[in-house]
Protein chains: 2
Amino acid sequence: MTEKAHLREVGLRDGLQMVKTILTPQQKLEWCRREAAAGVGEIEVTSFVPAKVVPQFADAAEVAAGALQLGGFTVSALVPNLKGAERAFAIGVSKINYVLSASEEHNLANVRRSTAESIEDFRRIVALRNERAPDARVGCGIATAFGCTIAGAVPERRVVEIAATLAELGADEIVIPDTVGYGHPGQVRSLMRAVMTAVGDVPVACHFHDTRGLGLANVTAALEVGVRAFDASLGGLGGCPFAPGATGNIDSEDTVFLLESLGFDTGIDIEALVDLRRTVESWLPGERFCGAVARAGLPRTYRPAAEVT
Amino acid sequence: MTEKAHLREVGLRDGLQMVKTILTPQQKLEWCRREAAAGVGEIEVTSFVPAKVVPQFADAAEVAAGALQLGGFTVSALVPNLKGAERAFAIGVSKINYVLSASEEHNLANVRRSTAESIEDFRRIVALRNERAPDARVGCGIATAFGCTIAGAVPERRVVEIAATLAELGADEIVIPDTVGYGHPGQVRSLMRAVMTAVGDVPVACHFHDTRGLGLANVTAALEVGVRAFDASLGGLGGCPFAPGATGNIDSEDTVFLLESLGFDTGIDIEALVDLRRTVESWLPGERFCGAVARAGLPRTYRPAAEVT
């Protein structure tokens with residue numbers, strides 16, 4: 001049996017929050033439909049932020065509802081606060097992703113409250129879920145887990161403590177993001193081992209940026225210590241508007257190529273992703289797309305992991 | 001004690017053989033001088049190919065002699081054949097790097113002879129060294145070690161056998177290149193372990209391209225199994241003119257960032273490399289430079305390995 005690995009597409013959220021062009025709900029749903037058809041099992045389809053903060057997501061309700069109608073994949077959405085969670089649960093979103101920062105300074109810049117207040121917010125979101133949408137899953141990301149452009153180093157112990165707290169509060173998944181691209185493979189091995197030990201059975205995912213070229217080296221390191229779920233963005237779109245210097249998420253096509261090459265079955269057709277990327281590129285003129293496989297093509301020797309074993 | 005890792009700059013050879021602009025010998029020597037001042041211990045300064053094949057290297061003798069006069073680093077040069085080795089030894093080059101291909105098809109396309117004939121050529125080069133330049137070191141690369149665009153898969157056993165033969169013939173270093181960017185971290189771990197076992201005390205280096213985004217993931221994997229020497233190219237310049245689809249070498253600045261972050265002391269000042277890269281970019285208008293650290297800058301938290309321990 002080939003071991004599975006999971007990719008969550010975050011380009012529609014983490015990618016689109018950084019671009020100039022506002023896509024139509026129809027384009028976003030076309031993106032979802034084709035990405036699901038390529039085999040991606042979870043797509044973060046939007047963010048329930050106020051439209052005045054990020055106009056790209058003024059259509060959040062329409063896109064989430066449309067994605068749920070498409071079916072065939074887990075429809076997840078970012079929620080910045082309790083109000084966002086209320087909106088998402090009302091629509092029936094399968095999974096919401098809340099995010100807070102390990103760095104107090106970054107949390108303040110991002111959502112104007114302390115990390116402890118954000119943890120309180122998460123507790124209320126879990127309670128709301130239990131009351132109104134018991135089938136929905138609630139994940140939580142710990143931004144700046146590998147360091148912060150504002151605060152500098154973030155102690156591993158702090159990240160581990162927050163992760164343990166979130167697990168106790170009922171998180172269904174904990175995401176460890178390298179928000180500003182400070183992480184390296186040694187740090188990834190150490191932090192991810194510690195987090196996974198601290199949270200027990202709660203699934204853990206990594207969210208890497210390729211800011212300093214180490215994105216896929218970090219995925220390799222995370223795989224070594226047992227992480228099997230990764231966020232990635234089609235064409236490497238993305239970043240963080242409040243983290244100066246942060247650039248693209250790891251590229252979905254390249255990430256799948258790495259996972260499959262290492263023998264992890266993702267169920268994803270890379271060439272279908274590359275085709276979709278070309279379409280999304282045509283929708284977003286002037287944006288910087290990254291990723292190497294879309295340029296170089298697959299090796300002649302490439303075979304998906306499921307066909308090798 | 002911090003463990004050491006070694007970077008060989010190959011941009012002046014592997015990089016410049018792919019660019020349109022022919023640099024002057026003065027520019028090439030300025031590049032060498034500043035790269036050595038940044039702490040790089042070995043630079044492949046040129047290639048002793050016939051000028052009509054690669055006009056960029058018509059000044060090979062002048063550049064090699066000038067680099068030897070600069071001092072402070074190992075002056076190495078690529079030699080495609082016995083004649084090239086004669087020229088290099090006559091000038092007093094510290095180390096020559098010969099290269100043959102594990103793929104017969106690639107060897108034929110590259111130098112119009114069989115791999116066995118190239119191994120014979122290497123034997124004659126070692127004999128020539130013993131006779132004329134006993135202090136010079138002779139390295140040999142095994143191109144297409146991770147696969148070939150023409151032949152497809154290259155069996156690990158074949159690469160290991162060639163490496164063992166080269167070691168027996170007196171190679172002072174064996175370089176394992178991923179000529180066309182087919183390699184992935186699992187393959188790197190497996191092949192490099194096998195090669196290092198087969199060649200005993202002979203030093204082994206890796207030469208990765210970032211064609212499909214896995215260059216630094218492959219460095220990470222090679223480090224795990226004990227490789228401590230890597231080729232890299234300033235700004236990620238480079239490729240192979242006879243391997244369709246091959247793109248840049250791994251980027252020197254990003255590679256040093258990875259090595260130092262993982263606790264390996266390279267002795268190299270990344271910011272000095274980035275400054276030099278800007279100069280080289282100004283010399284080569286229209287060329288594609290890669291690498292992330294030059295764009296994003298170093299993390300606030302970055303400290304060279306030698307300062308951490």
Side-chain angles (χ1 to χ4, degrees), chain A residues 146-154 178 180-189 209-221 223-224 236 244-248 250-251 253-255 257-264 270 288 290-303, chain B residues 146-154 178 180-189 209-221 223-224 236 244-248 250-251 253-255 257-264 270 288 290-303:
Chain A
F146 294 92
C148 172
T149 43
I150 312 167
V154 171
D178 184 13
V180 298
Y182 277 16
H184 61 74
Q187 197 183 3
V188 169
R189 283 186 209 109
H209 285 228
D210 198 32
T211 315
R212 289 171 183 85
L214 306 191
L216 295 186
N218 289 339
V219 171
T220 306
L223 285 165
E224 282 170 39
T247 51
I250 54 170
D251 175 274
E253 310 94 271
D254 291 4
T255 303
F257 172 59
L258 172 64
L259 294 169
E260 294 281 344
S261 296
L262 288 173
F264 294 97
I270 296 175
R288 182 171 180 274
C290 308
V293 167
R295 186 162 44 82
L298 289 169
R300 286 187 52 172
T301 49
Y302 175 79
R303 286 167 65 205
Chain B
F146 293 93
C148 171
T149 44
I150 312 167
V154 171
D178 183 12
V180 298
Y182 277 16
H184 61 74
Q187 198 183 3
V188 168
R189 284 186 208 109
H209 285 229
D210 199 32
T211 315
R212 289 172 183 83
L214 306 191
L216 295 186
N218 289 339
V219 171
T220 306
L223 285 165
E224 281 169 40
T247 51
I250 54 171
D251 176 274
E253 311 93 273
D254 290 4
T255 303
F257 172 59
L258 172 64
L259 293 170
E260 294 281 344
S261 296
L262 288 173
F264 294 97
I270 296 175
R288 183 172 180 273
C290 306
V293 167
R295 185 163 45 83
L298 288 168
R300 286 187 50 172
T301 48
Y302 176 78
R303 287 168 64 204

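Quick caveat: nothing in here was measured; it's all calculated off a predicted structure. To find a chain, count down the sequence lines: A is the first, B the second, and so on, and within it residues start at 1.
Summarising the geometry, atom CD1 belonging to Ile150(A) is positioned 9.0 Å from atom CZ belonging to Arg300(B); distances are rounded to the nearest 0.5 Å. The line from CZ of Phe146(B) to OG1 of Thr301(A) is 12.0 Å long, rounded to the nearest 0.5 Å.
Across all non-hydrogen atoms, the minimal contact from Asp254(B) to Gly213(A) is OD2-CA, 4.2 Å.
When each of Thr220(B), Asn218(B), Val219(B) is scored by its heavy-atom pairs under 4.5 Å with chain A, the top score falls to Thr220(B). For the set Pro185(B), Gly147(B), Gly215(B), the entry with the most heavy-atom pairs within less than 4.5 Å of chain A is Pro185(B). Per-residue heavy-atom pair counts under 4.5 Å with chain A were compared for Ala292(B), Gly291(B), Pro299(B), Ala217(B), and the maximum is reached by Pro299(B).
Taking the charged nitrogens against the carboxylate oxygens, Glu224(B) and Arg189(A) do have a contact shorter than 4.0 Å, which makes a salt bridge.
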For Leu216(B) and Leu214(A), what are the C-alpha separation, side-chain angles and deciding distance, and is it a side-chain contact (heavy atoms from CB on, under 4.5 Å)? CA-CA 7 Å; Leu216(B) 295 186; Leu214(A) 306 191; 3.5 Å; yes
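Among residues two or more places apart in sequence or in another chain, the salt bridge (charged side-chain N to carboxylate O under 4.0 Å, His left out) test is passed with Asp251(A) by Arg277(A).
Looking only at distances, a side-chain donor or acceptor of Arg212(A) sits under 3.5 Å from a matching main-chain atom of Gly297(B). Of the possible donor and acceptor atoms, none in the side chain of Tyr182(A) sits under 3.5 Å from a partner among the backbone N and O of Leu298(B). A donor-acceptor contact shorter than 3.5 Å links the side chain of His184(A) to the backbone of Ser261(B).
Using a 4.5 Å cut-off between heavy atoms, Ile250(A) does not touch chain B at all.
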